[in-house]
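Single-structure report; data block below.
Here is how names work: the chains are called A, B, and so on, in the same order as the sequence lines, proteins then strands, and each is numbered from 1. Any value given below was found using the heavy atoms of this structure, including those in side chains, with hydrogens, waters and symmetry copies removed.
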Protein chains: 2
Amino acid sequence: MEKKEKILEGAMKEFLVQGYAGTSMDRVAKAAAVSKTTVYSHFGDKEGLFVALVERLAKKKYSEVFSQGNHSLLQGEPEVVLRQFATKMVDLACEDTEDLTFIRLIVGESGRFPKLAETFVSNLVKPGIEVLSQYLASRPELEIEDREATARVILGSLVYFKIVQVMLYGEKIVPMEGDRLINSLLHLLLR
Amino acid sequence: MEKKEKILEGAMKEFLVQGYAGTSMDRVAKAAAVSKTTVYSHFGDKEGLFVALVERLAKKKYSEVFSQGNHSLLQGEPEVVLRQFATKMVDLACEDTEDLTFIRLIVGESGRFPKLAETFVSNLVKPGIEVLSQYLASRPELEIEDREATARVILGSLVYFKIVQVMLYGEKIVPMEGDRLINSLLHLLLR
DNA sequence: GTAGTAAAACTAAACTGTTTAGTTTTATTT
DNA sequence: AAATAAAACTAAACAGTTTAGTTTTACTAC
């Protein structure tokens, strides 16, 4: 394997769990099974490594979520398509998965790394809103005037649910089945 | 002013901006204009100070948002009340305000401090869901079956909007007026 | 009341031992 | 010759403690 890849994988393990300030370059080198000199020769400094990692992750997540295979899913009856889409968002990434930890990192470091937050929005949030908007536009029977705003209502409901239930450990405090949220959301959209 | 208060105020300035790992006890003491020994005599160690700060902030935010004055706002015609509620959430806390920075901190540190995330959910998220659920229940003409799930749709739409637009600097990349979101949300709820 | 006193809270600074980002040096591999 | 490794290194910052001395507070004796 290329050293650069090995370093990024080691960096991922550390940064995702410990955050930027909590991660040391020594531990990154150890996690990557690479010498510290090699890390510095490839990425210059800590910030350079962090930026490279987050940008690579954003692109990777983009291609995971917005591949052709997934695009074709957004065709067909709203009742079916929207339920499928929502179920995928609520069920997938249910454990303490990489995706949720990535969002945690971006939000947590957004104050100190605004550029990375913008990368995240450009690569993941914006395409998400656009794909959903386009689907809503292709279904005039839904009688949705403002597709983009409605797409944000849908995404917001689902993302907020995941954040509260999983990321902030809300399942014990405010328990709720994902299906209840999905049913209520679809009820609003389809009535 | 009490020393304890001064320390918490200094700690707030540092922790909210720099995060847990990024904040040093020396800088907290300096920001509070207090000696380091005093900090340690009051809060034991760094973690103790951090926990005390977050819990105090959670309680403070709670009383700000769920005071009697605000409760009474949730009475009257849905068209008016819901628009007022949504507008308040979208407009208030518009700059890089303490509230948004607090959420950033909670989300960012939720992996390393699960207890604090639970405090946040218990003190702010849960009451928010409950108050909104109760209002929806008081308005049967809205024909909402699952009030709690619908309350989450409303809160999710608004919180996600603020997170994307302000916290993650989305205003430049995916611009949108708050009114558009509110109109679409109300359109779904009232039709 | 006022002077004296003792406990408690406080300060500033030095200190310990660890960890940090980043560099350099020397040696090994390819 | 170029990339790597391992290890030693620097200078600074870190959490937390200790020290030596000051201020505040409250209580006592007169």
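Rounded to whole angstrom, the span from the NZ atom of A/Lys30 across to the P atom of D/dA5 amounts to 15 Å. We find that NE2 of A/His42 is positioned 16 Å from P of D/dA2, with the value rounded to whole Å. Note: CD (B/Glu14) to C1' (D/dC14) measures 14 Å, nearest angstrom. Put simply, NZ on B/Lys46 is 4 Å from P on D/dA15, counting in whole angstrom units. Whole-Å rounding puts the B/Asp26 CG to D/dG16 P distance at 11 Å. If you take CZ of B/Phe43 and P of D/dT17, they are 16 Å apart, rounded to a whole angstrom.
Atoms CD1 and CZ, on B/Ile106 and A/Arg104 in that order, are 12.0 Å from each other to the nearest 0.5 Å.
Under a 4.0 Å N-O distance rule, the pair B/Lys60/B/Glu98 qualifies as a salt bridge.
Nucleotides of DNA chain C with any atom under 4.0 Å from a heavy atom of chain B span, from 5' to 3', C/dC10 to C/dA12.
The nearest heavy atom of DNA chain C to B/Lys4 and to A/Ala21 marks one nucleotide each, and the one closer to the 5' end goes with B/Lys4.
Aromatic ring pairs are classed by plane angle as parallel below 30°, tilted from 30° to 60° and perpendicular above 60°; the pair B/Phe113 and B/Tyr20 is perpendicular.
Counting heavy atoms of neighbouring residues, nucleotides and ligands inside a 6.0 Å radius, atom NZ of B/Lys61 exceeds 12 of them.
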